[in-house]
Amino acid sequence: MANIFRQMEGQESIFKDEKFLRPDYLPDEMPGREAQLKEIASYLQGAAKGKVPPSILLVGKPGTGKTSMAKLLLKQLAEVSSKPKPIYINCWENTSRFGILSRLITELGDMMPRRGIASDEVVERLAEIGRRGQVMPIIILDEVDRLLAQGSREDEILYDLSRAQEALGLRASVIAITNDEELPVKLDARVRSSLTNHTVHFAQYSPSQLKSILKERVKHAFWADAVDDDALGLCAAVGAKAGGDARLTIHLLWAAAKRAEVEGKKKLCVEHVQAVKERSLMHAKTPLERKEGALDELEKKIIDAIKEVGQGVSTEKIYEKLNVDSNSQRNIRHRLSKLEKAGLIEMVEAEGKNKVFKVSVKK
Ligand SMILES: Nc1ncnc2c1ncn2[C@@H]1O[C@H](COP(=O)(O)OP(=O)(O)OP(=O)(O)O)[C@@H](O)[C@H]1O
Ligand SMILES: [Mg+2]
């Protein structure tokens with residue numbers, strides 16, 4: 001039998017370079033985000049001359065370009081000045097206050113003190129390193145809602161950073177990113193104004209904005225004339241209906257192109273988008289699914305229990321399902337409120353029953 005891989009090698013792909021459609025690709029241009037680009041750049045402008053910029057909060061639904069915008073601006077800032085030091089931290093991966101402080105210290109090129117030392121001392125150490133090195137860290141705290149889980153007090157890190165800045169003289173600022181419109185009211189009063197005075201909103205994309213985003217990608221990812229304009233229009237329309245999410249829309253285009261490729265076609269047409277539309281939307285990850293990887297064992301068990309028993313399950317039923325004694329119930333309650341604060345579940349007090357909640361996984 002002829003070698004299938006040799007045969008395939010000979011076939012010309014519809015893609016010029018698929019990497020431009022990957023979710024982690026950082027675009028140079030962000031169509032539809034000109035206003036946000038200008039606004040954030042105006043806040044950051046002083047940083048190029050060594051002035052500490054204000055802290056900024058970026059708020060918007062999934063796939064609206066917040067993470068990319070923050071990264072793109074810090075990349076451009078680094079091109080014109082070596083003074084600011086961009087540091088990117090995803091709070092779903094670094095969920096503890098101590099973990100984040102450690103990351104900051106190592107990013108600033110110092111050795112992390114051994115565990116067991118009080119966080120307050122670590123903050124002082126951080127400020128000292130900052131002062132000594134004359135660096136100006138600009139810290140992206142992505143998915144910052146994760147830190148607001150009730151009881152955990154991990155959001156103290158926001159206060160730590162403002163204290164390190166104001167009282168201890170660390171020349172740093174924060175770009176915090178969240179999906180949660182309500183985040184400002186959930187913040188501790190000590191950090192609220194410093195973080196929310198410069199809030200930038202990212203609305204869901206319209207069909208025409210999504211089409212412009214796709215057009216820009218198509219130039220790099222495909223050979224000339226490989227994508228029919230109506231196919232792009234359909235992707236954009238589907239993406240806008242499904243939440244104006246650019247991640248999902250780019251994924252749909254990629255999936256449709258794969259389909260065309262499998263069919264041996266040199267052009268991506270409307271029917272390819274039609275053919276993959278349902279599946280592609282179904283497989284688009286919900287915020288929960290994207291974050292699920294970062295949950296700990298107990299949190300995963302709780303989510304699984306809710307999914308198994310069904311939406312609106314009572315807290316009593318969850319304890320039963322997880323087979324916990326009354327001592328451990330407190331721990332579960334604590335996790336539930338963490339998951340609620342992080343926007344992954346919804347809890348409504350059950351009528352007539354004190355402290356019993358109906359719990360659902362957010363879609
Ligand atoms: N205006 C845009 N132009 C080009 N690409 C974009 C634009 N907006 C978003 N994207 C792309 O869409 C995907 C999602 O964007 P991004 O990760 O920045 O969204 P987000 O707002 O941070 O979403 P989430 O809240 O889910 O983290 C990325 O692959 C990004 O490159
Ligand atoms: Mg993001």
Side-chain angles (χ1 to χ4, degrees), residues 17-41 56-76 86-94 139-148 174-183 199-222 227 232 235-236 238-240 242-255 257 280-281 283-294 342-344 362-363:
D17 192 342
E18 251 180 85
K19 89 163 181 260
F20 293 97
L21 300 178
R22 293 212 186 108
D24 56 357
Y25 168 72
L26 183 62
D28 293 326
E29 306 277 336
M30 295 190 60
R33 286 293 174 243
E34 294 77 10
Q36 286 80 357
L37 183 83
K38 273 201 187 133
E39 185 178 355
I40 305 167
I56 305 167
L57 179 66
L58 311 185
V59 187
K61 291 267 179 327
T64 53
K66 303 174 298 297
T67 301
S68 310
M69 175 68 74
K71 287 186 171 174
L72 175 67
L73 278 163
L74 291 192
K75 186 175 139 214
Q76 293 199 0
I87 300 176
Y88 177 84
I89 295 180
N90 187 307
C91 301
W92 274 88
E93 284 149 24
N94 294 269
I139 306 155
I140 302 180
L141 290 179
D142 206 350
E143 322 236 12
V144 73
D145 16 340
R146 174 64 167 159
L147 303 178
L148 293 185
V174 169
I175 301 181
I177 303 181
T178 180
N179 287 147
D180 185 359
E181 298 282 345
E182 302 291 315
L183 183 96
T199 300
V200 182
H201 293 275
F202 286 65
Q204 290 165 299
Y205 288 115
S206 68
S208 74
Q209 286 173 325
L210 288 171
K211 195 165 174 193
S212 311
I213 293 172
L214 291 181
K215 274 195 164 158
E216 190 56 42
R217 294 296 174 97
V218 164
K219 280 194 233 159
H220 303 288
F222 296 95
V227 185
L232 281 190
C235 287
V238 172
D245 176 333
R247 184 185 293 114
L248 184 152
T249 312
I250 295 169
H251 176 77
L252 175 61
L253 178 71
W254 173 85
S280 189
L281 286 182
H283 284 147
K285 289 189 172 158
T286 63
L288 171 69
E289 285 161 339
R290 277 191 289 116
K291 289 168 179 174
E292 253 174 2
L344 296 183
K362 270 199 182 169
K363 286 276 159 28

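Start at 1 and go down the list; that is how both ligands and their atoms are numbered. Residue numbers count from 1 along this sequence. FYI, side chains are in, hydrogens and waters are out, and symmetry mates aren't considered; it's all heavy atoms of this structure.
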*Any chance you could lay out the side chain to side chain contact (heavy atoms under 4.5 Å, CB included) test for Phe222 and Leu253, step after step, and finish with the verdict?*
CA-CA 11 Å; Phe222 296 95; Leu253 178 71; 4.0 Å; yes
*Closest to atom 21 (O) of ligand 1 (judged by heavy-atom distance), picking from Lys66, Glu143, His251*: Lys66
*Which is closest to atom 6 (C) of ligand 1 by heavy-atom distance: Glu216, Arg217, Arg33?*
Arg217
*Give the numbers and elements of all ligand 1 atoms closer than 4.0 Å to a heavy atom of Pro62.*
23 (O), 24 (P), 25 (O), 26 (O)
_Atom of Ala203, atom of Thr64 and distance for their closest heavy-atom approach_ = O-CG2, 3.5 Å
*Hey, is the main chain of Asp245 close enough, under 3.5 Å, to the side chain of Gln204 for a donor-acceptor pair?*
no
*State, to 0.1 Å, how close Pro27 and Leu72 come at their nearest heavy-atom pair, and which atoms those are.*
O-CD1, 3.4 Å
*Under 4.0 angstrom from ligand 1, any heavy atom of Gln209?*
no
*asked:* Suppose we screen for side chain to side chain donor-acceptor pair (under 3.5 Å). Which residues come up paired with Arg33, at least two apart in sequence or across chains?
replied: Tyr205
*asked:* Tyr205 versus ligand 1: do any nitrogen or oxygen atoms come within less than 3.5 Å of each other?
replied: yes
_N or O pair under 3.5 Å between Pro27 and ligand 1_ = no
*With heavy atoms of Tyr25 as the reference, note each atom of ligand 1 found under 4.0 Å away.*
31 (O)
*Sub-4.0 Å atoms of ligand 1 with respect to non-hydrogen atoms of Glu29*: 3 (N), 4 (C)
*asked:* Show the atoms of ligand 1 that are less than 4.0 angstrom away from any heavy atom in Thr64.
replied: 19 (O), 20 (P), 21 (O)
*asked:* Does Ile250 form a side chain to side chain contact (heavy atoms under 4.5 Å, CB included) with Leu214? I'd like the steps, not just the answer.
replied: CA-CA 7 Å; Ile250 295 169; Leu214 291 181; 4.0 Å; yes
_To check you understand the geometry: which heavy-atom pair defines the closest contact between Lys71 and Ile140, and what is its length?_
N-CD1, 4.2 Å
*If every non-hydrogen atom of Ser280 is compared with every non-hydrogen atom of His251, which pair is closest and at what distance?*
OG-CD2, 3.2 Å
*Indicate yes or no: does an N/O atom of Asn179 lie under 3.5 Å from an N/O atom of ligand 1?*
yes
*Mark up the atoms of ligand 1 that fall under 4.0 Å of a heavy atom belonging to Pro23, in ascending order.*
28 (C), 29 (O)
*Provide the closest heavy-atom pair for Gly65 versus Met30 in the form atom of the first, atom of the second, distance.*
O-CE, 3.5 Å
_Backbone or side-chain N or O of Gly60 under 3.5 Å from ligand 1 N or O_ = no
_Candidate with minimal heavy-atom separation from atom 22 (O) of ligand 1, of Val59, Thr178, Thr67, Thr249_ = Thr67
*Mind checking whether Ile250 has an N or O less than 3.5 Å away from an N or O of ligand 1?*
no
*Does an N or O anywhere in Met69 fall below 3.5 Å from an N or O of ligand 1?*
no
*Just going by heavy-atom distances, which of Ala246, Ser68, Ala70 is nearest to atom 30 (C) of ligand 1?*
Ser68
_Any N/O/S atom, side chain or main chain, of Thr67 closer to the Mg ion (ligand 2) than 2.8 Å?_
yes
*So does Glu181 have more than 12 non-hydrogen atoms from other groups sitting under 6.0 Å from CD?*
yes
_The one among Ile213, Leu21, Asp245 that brings a heavy atom closest to atom 2 (C) of ligand 1_ = Ile213
*Start with the C-alpha gap between Leu73 and Ile175, add the side-chain angles, then the distance that decides, and say whether side chain to side chain contact (heavy atoms under 4.5 Å, CB included) holds.*
CA-CA 11 Å; Leu73 278 163; Ile175 301 181; over 6 Å; no
*Has Phe202 got any heavy atom lying under 4.0 angstrom from an atom of ligand 1?*
no
*Please test Val144 against Val174 for side chain to side chain contact (heavy atoms under 4.5 Å, CB included), starting from the C-alpha separation and ending with a verdict.*
CA-CA 11 Å; Val144 73; Val174 169; over 6 Å; no
*asked:* Heavy-atom contact check, 4.0 Å cutoff: does Gly32 meet ligand 1?
replied: no
